[in-house]
There are 2 protein chains.
Amino acid sequence: MEKPVLSESQEDYLKEIFKLREMNVTVSMQDLAKKLDVRPPSVTGMIKKLCSMDLVEHEPYKGVQLTETGEKIAIEVLRHHRLLELYLAKHLNYSWDEIHDEAERLEHVISEKFEAAIAELMDHPTHDPHGDPIPSVELEFPDSPDLTPLTTCKTGRMMTIKRVMTQDKDILNLLTRLELTIGNIITIKGTESAGIRLKVSDNQYLIPHTIAKLIWCHEDN
Amino acid sequence: MEKPVLSESQEDYLKEIFKLREMNVTVSMQDLAKKLDVRPPSVTGMIKKLCSMDLVEHEPYKGVQLTETGEKIAIEVLRHHRLLELYLAKHLNYSWDEIHDEAERLEHVISEKFEAAIAELMDHPTHDPHGDPIPSVELEFPDSPDLTPLTTCKTGRMMTIKRVMTQDKDILNLLTRLELTIGNIITIKGTESAGIRLKVSDNQYLIPHTIAKLIWCHEDN
DNA sequence: ATTTTAAGTTAGGTATGGCTAAATTAATAC
DNA sequence: GTATTAATTTAGCCATACCTAACTTAAAAT
């Protein structure tokens with residue numbers, strides 16, 4: 001099976017389908033339209049094309065799925081994206097709110113050589129600056145321990161922040177100011193109607209649920 | 001004057017016009033078509049558009065010229081390209097025959113931030129791995145000493161290779177094998193009908209004129 | 001000066017990837 | 001079960017940036 005040449009748009013569609021699939025069971029045309037910031041008819045059209053290329057399967061009104069080939073391509077794009085994010089952060093001094101947009105543009109144009117070079121340079125990392133897993137060259141995801149969102153953490157526990165499920169600059173900046181960054185250890189003080197109360201370093205904060213649900217943690221031993 | 005948003009194609013047109021202008025006095029539609037690997041009618045069409053955007057001036061059948069704005073954009077793209085070439089070579093271990101194609105794709109998508117980051121990291125370099133000058137952030141070219149192509153160097157002189165005027169992989173690889181790389185010192189042994197005879201390290205070579213004219217040197221003191 | 005050739009332009013067409021407005025299908029509410 | 005609402009698709013359009021074929025203009029050759 002030859003690897004088809006795809007446009008940047010097509011790569012974006014596949015990547016978004018993959019990411020949506022990780023959350024929802026089914027991926028609707030609307031979901032895609034929202035994520036890709038295009039109107040539903042454009043999605044219908046593109047999905048039709050990707051179907052004819054055997055990269056996705058589509059049961060009308062039921063949802064979209066990636067084929068094996070489609071998934072491979074999606075994961076490759078994801079690998080590019082996350083390697084780039086980490087590279088920008090580690091080697092070009094980007095902060096974690098700046099890396100997404102740049103990676104979004106670069107991911108489609110870098111060569112295999114470039115990918116290999118930065119992967120090598122960073123010693124084949126498994127997670128990007130947001131804690132998102134980086135698939136290997138063989139397109140396998142690293143196994144990761146069970147993570148729970150901050151919203152369902154039990155009171156009294158100490159947890160390590162392992163992943164932040166947003167690319168929103170304002171939220172990322174807020175988290176930085178609150179020291180809620182990857183690897184930092186927090187103690188859950190309790191759940192209130194307004195949000196989760198927790199301690200980081202010597203500070204206590206009340207984190208609204210909307211933000212707390214973006215922060216995924218692992219319980220410390 | 002606002003900076004217009006350009007497509008990658010448009011940036012390429014401006015860049016090529018600039019580069020051709022450095023060699024020829026006038027830039028014909030054909031020259032452009034050849035360099036950009038498109039057919040003449042496409043050039044006519046695009047030049048018409050760039051004219052309407054006040055980025056080029058075009059006297060039909062006489063040639064194309066960049067306006068001030070057009071030239072600024074061209075030089076910015078050139079700066080991106082050459083910074084990227086050097087970056088790939090210095091930080092990602094690319095050899096000089098591999099950098100052009102990658103830079104060609106990256107130059108259109110990197111942000112100002114990326115440009116600034118790699119420029120900083122390399123301490124604001126003035127020349128890329130082929131010896132091509134890198135314009136400054138202010139879009140000024142570094143002043144460079146007078147260079148002469150190998151074809152017109154005088155017998156007996158010792159010269160330093162300062163610039164190689166090709167991106168052709170095969171030629172670049174050949175030059176590497178012959179040690180005809182930037183900074184290396186050569187001695188002109190004489191001109192023969194078949195080419196230029198010269199010495200590098202302890203080896204003597206006869207370089208055909210077609211290749212010799214691509215190699216620009218500076219006379220050593 | 002006329003012919004030939006080269007360079008450039010015009011006309012009309014293609015593919016990509018968007019869009020809106022209108023129609024259709026499926027799901028939900030009563 | 002019919003009516004309403006939400007999701008999706010169809011139809012038809014737009015811009016970009018190419019293309020070929022045919023025509024025009026300018027330059028060169030005799």
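- To the nearest angstrom, C1' of dA15(C) lies 16 Å from CG of Leu6(A).
- When each of Tyr61(A) and Ser7(A) is assigned the nucleotide of DNA chain C bearing its nearest heavy atom, the one mapping closer to the 5' terminus is Ser7(A).
- Residues Met46(A) and Gly63(B) both approach DNA chain C. Their nearest nucleotides, taken by heavy-atom distance, put Gly63(B) toward the 5′ side.
- Using a 4.0 Å cut-off between a side-chain N of Lys or Arg and a carboxylate O of Asp or Glu, Glu71(B) and Arg21(B) do not qualify as a salt bridge.
- A distance of 11.0 Å separates CG of Leu6(A) from CD of Glu8(A), quoted to the nearest 0.5 Å.
- Contact annotation: Ser9(B) does not reach the phosphate of dT16(D) (side-chain N/O to OP1 or OP2, under 4.0 Å).
- Distance NE2 (His58(A)) to C1' (dA7(D)): 10 Å, rounded to an integer number of Å.
- In this pair, His130(A) and Trp96(A) present their aromatic rings parallel. The plane angle is below 30°, not in the 30 to 60° band.
- Note that the CD atom of Glu102(B) and the OH atom of Tyr94(B) stand 3.5 Å from one another [nearest 0.5 Å].
- The interatomic distance linking Arg39(B) (CZ) with dA22(D) (P) rounds to 18 Å, in whole Å.
- Taking atom NZ on Lys34(A) and atom P on dT8(D), their separation rounds to 10 Å, with Å as the unit.
- Glu59(A) comes within 4.0 angstrom of nothing in the nucleic acid, heavy atoms only.
- Ile47(B) has its CD1 atom 13 Å from the P atom of dT10(C), to the nearest Å.
- Note: CE (Met53(B)) to C1' (dT16(D)) measures 12 Å, nearest angstrom.
- Here Lys48(B) does not reach the OP1 or OP2 of dT9(C): none of its side-chain N or O atoms lies under 4.0 Å away.
- Here dG8(C) is the nucleotide among dG18(C), dT9(D), dG8(C) with the atom lying nearest to any side-chain atom of Met29(B).
- Lys62(B) comes within 4.0 angstrom of no nucleic acid atom, judged by non-hydrogen atoms across all strands.
- In this entry the distance linking CG of Leu50(B) with P of dC18(D) reads 11 Å, nearest Å.
- Between Gln10(B) and dA17(D), a side-chain N or O to OP1/OP2 separation shorter than 4.0 Å is present.
- Using a 4.0 Å heavy-atom criterion, one finds that Glu8(A) contacts no nucleic acid atom at all.
- Phosphate contact (OP1/OP2 of dT16(C), side-chain N/O of Tyr13(A), threshold under 4.0 Å): absent.
- By the 30° and 60° cut-offs, the orientation of the rings of Phe18(B) relative to Phe141(B) is parallel.
- At whole-Å resolution of the value, NE2 in His108(B) and P in dA17(D) are 12 Å apart.
- Of the side-chain N and O atoms in Thr44(A), none sit less than 4.0 angstrom from OP1 or OP2 of dT8(D).
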